[in-house]
Amino acid sequence: MGKYVVNSSIRNIGYQVGTQTGVHRYLMDEPTTARGTDAGPNPVQYLIGAVNGCLTITAQSVARKYKIKLEKFDIRSVGNVAKHEDGTSEVDEIVVNITFKADINGKAKDDFIAETLAKCTVHKTLETGVKFTFNFEQE
């Protein structure tokens, strides 16, 4: 791990923001209902996507470490944005639904889940300020 550099610039089209990190470029925007152009996900969608991506990569890493055959790891997350009286808002809850298929059960399954949650950098960063609810379903 280490330091990550991300550069973002206004595009003056709707609420578009051009972002680059290393050789990767992506676009953020707001939906047309919020006066954007819907040219890309909004920042909250990227945040929730970062949670999903980090959990998935971490699960793959934990599975490799313990030689677990992880055939499937699908996530559907729903984030709630609370709007405050002063006009500010924040993501106050993320419900994470994970469906996975792996050759484990019992204590090994519990340990796999616990280690995945404990080692996910994005989840660990957010968990003090955001309520997380995790639902796991094993196929």
Side-chain angles (χ1 to χ4, degrees):
M1 299 255 162
K3 293 184 181 181
Y4 296 90
V5 177
V6 179
N7 298 297
S8 299
S9 299
I10 190 170
R11 297 198 61 218
N12 288 320
I13 303 169
Y15 283 111
Q16 291 183 18
V17 177
T19 302
Q20 181 169 350
T21 181
V23 298
H24 306 288
R25 294 175 186 233
Y26 56 97
L27 189 66
M28 287 183 253
D29 198 0
E30 289 290 337
T32 55
T33 56
R35 293 186 266 164
T37 62
D38 206 19
N42 70 32
V44 173
Q45 291 167 315
Y46 273 109
L47 176 73
I48 295 167
V51 170
N52 289 5
C54 190
L55 285 166
T56 303
I57 289 168
T58 304
Q60 291 177 85
S61 176
V62 172
R64 285 187 185 133
K65 177 181 173 183
Y66 294 107
K67 297 181 175 35
I68 296 168
K69 185 179 179 187
L70 185 61
E71 294 181 43
K72 176 180 181 178
F73 199 86
D74 293 343
I75 303 177
R76 181 179 187 276
S77 293
V78 178
N80 184 66
V81 175
K83 299 197 186 268
H84 303 295
E85 289 181 20
D86 65 0
T88 63
S89 60
E90 66 181 321
V91 176
D92 67 347
E93 181 179 14
I94 301 174
V95 177
V96 182
N97 298 292
I98 299 172
T99 303
F100 71 100
K101 186 174 182 181
D103 61 344
I104 53 174
N105 53 43
K107 184 172 177 353
K109 172 186 161 184
D110 294 342
D111 290 348
F112 167 74
I113 291 169
E115 188 165 339
T116 297
L117 295 179
K119 290 189 173 178
C120 175
T121 304
V122 176
H123 166 252
K124 280 188 66 131
T125 300
L126 297 175
E127 72 179 338
T128 58
V130 177
K131 177 185 175 197
F132 278 89
T133 301
F134 289 95
N135 302 304
F136 289 89
E137 181 182 329
Q138 185 174 6
E139 292 184 346

[Y] side chain reached by [X] side chain, heavy atoms, under 4.5 Å:
X    : Y    : answer
H123 : I94  : no
L126 : L47  : yes
F134 : L55  : yes
V6   : Y26  : yes
Y66  : E115 : yes

Check your understanding: Counting distance only, does the side-chain N/O of T125 pair as donor-acceptor with the main-chain N or O of T121 below 3.5 Å?
Key ->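 At least one qualifying donor-acceptor pair exists.
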Point to revise | Donor-acceptor contact below 3.5 Å, side chain E93 vs main chain T133 | key: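 Not at all, since once roles are kept as given, no pair shorter than 3.5 Å links the two residues.
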Search all heavy atoms of [X] against all heavy atoms of [Y] and return the closest pair with its distance.
X   : Y    : result
T58 : C120 : OG1-CA, 3.6 Å
P31 : N42  : CD-ND2, 4.5 Å
T56 : I75  : OG1-CD1, 3.4 Å

Once you round to the nearest 0.5 Å, how far does [atom1] of [X] lie from [atom2] of [Y]?
X    : Y    : atom1 : atom2 : answer
T37  : I13  : OG1   : CD1   : 7.0 Å
D38  : Q16  : CG    : CD    : 10.0 Å
K124 : L117 : NZ    : CG    : 11.0 Å
K72  : I98  : NZ    : CD1   : 12.5 Å
R76  : T99  : CZ    : OG1   : 10.5 Å
M28  : E30  : CE    : CD    : 10.5 Å

Answer with yes or no whether the hydrophobic clustering places [X] together with [Y]; edges join I, L, V, M, F, W, Y residues whose side-chain heavy atoms lie under 4.5 Å apart.
X    : Y    : value
V96  : V91  : yes
V95  : V130 : no
V122 : I48  : yes

Check your understanding: Between D29 and R11, is a side chain to side chain contact (heavy atoms under 4.5 Å, CB included) present by the stated rule, with each step listed?
Key -> CA-CA 10 Å; D29 198 0; R11 297 198 61 218; over 6 Å; no
Review point. Is atom NE2 of H84 surrounded by more than 12 heavy atoms (other residues, nucleotides or ligands) closer than 6.0 Å?
Key: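 Yes, the 6.0 Å shell around NE2 holds more than 12 heavy atoms from other groups.
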Check your understanding: Around atom CG of N105, are there more than 12 heavy atoms of other residues, nucleotides or ligands at under 6.0 Å?
Key ->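 12 or below, so no.
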Check your understanding: Under 4.0 Å between a Lys/Arg side-chain N and an Asp/Glu carboxylate O for K101 and E139?
Key ->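 Between E139 and K101 there is no salt bridge, as every charged N stays at least 4.0 Å from the carboxylate O atoms.
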Check your understanding: Would you call the rings of F100 and F112 parallel, tilted or perpendicular, where under 30° means parallel and over 60° means perpendicular?
Key ->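 Answer is tilted, since the angle falls between 30° and 60°.
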Point to revise | Stepwise side chain to side chain contact (heavy atoms under 4.5 Å, CB included) check, F132 with V51 | key: CA-CA 11 Å; F132 278 89; V51 170; 4.0 Å; yes
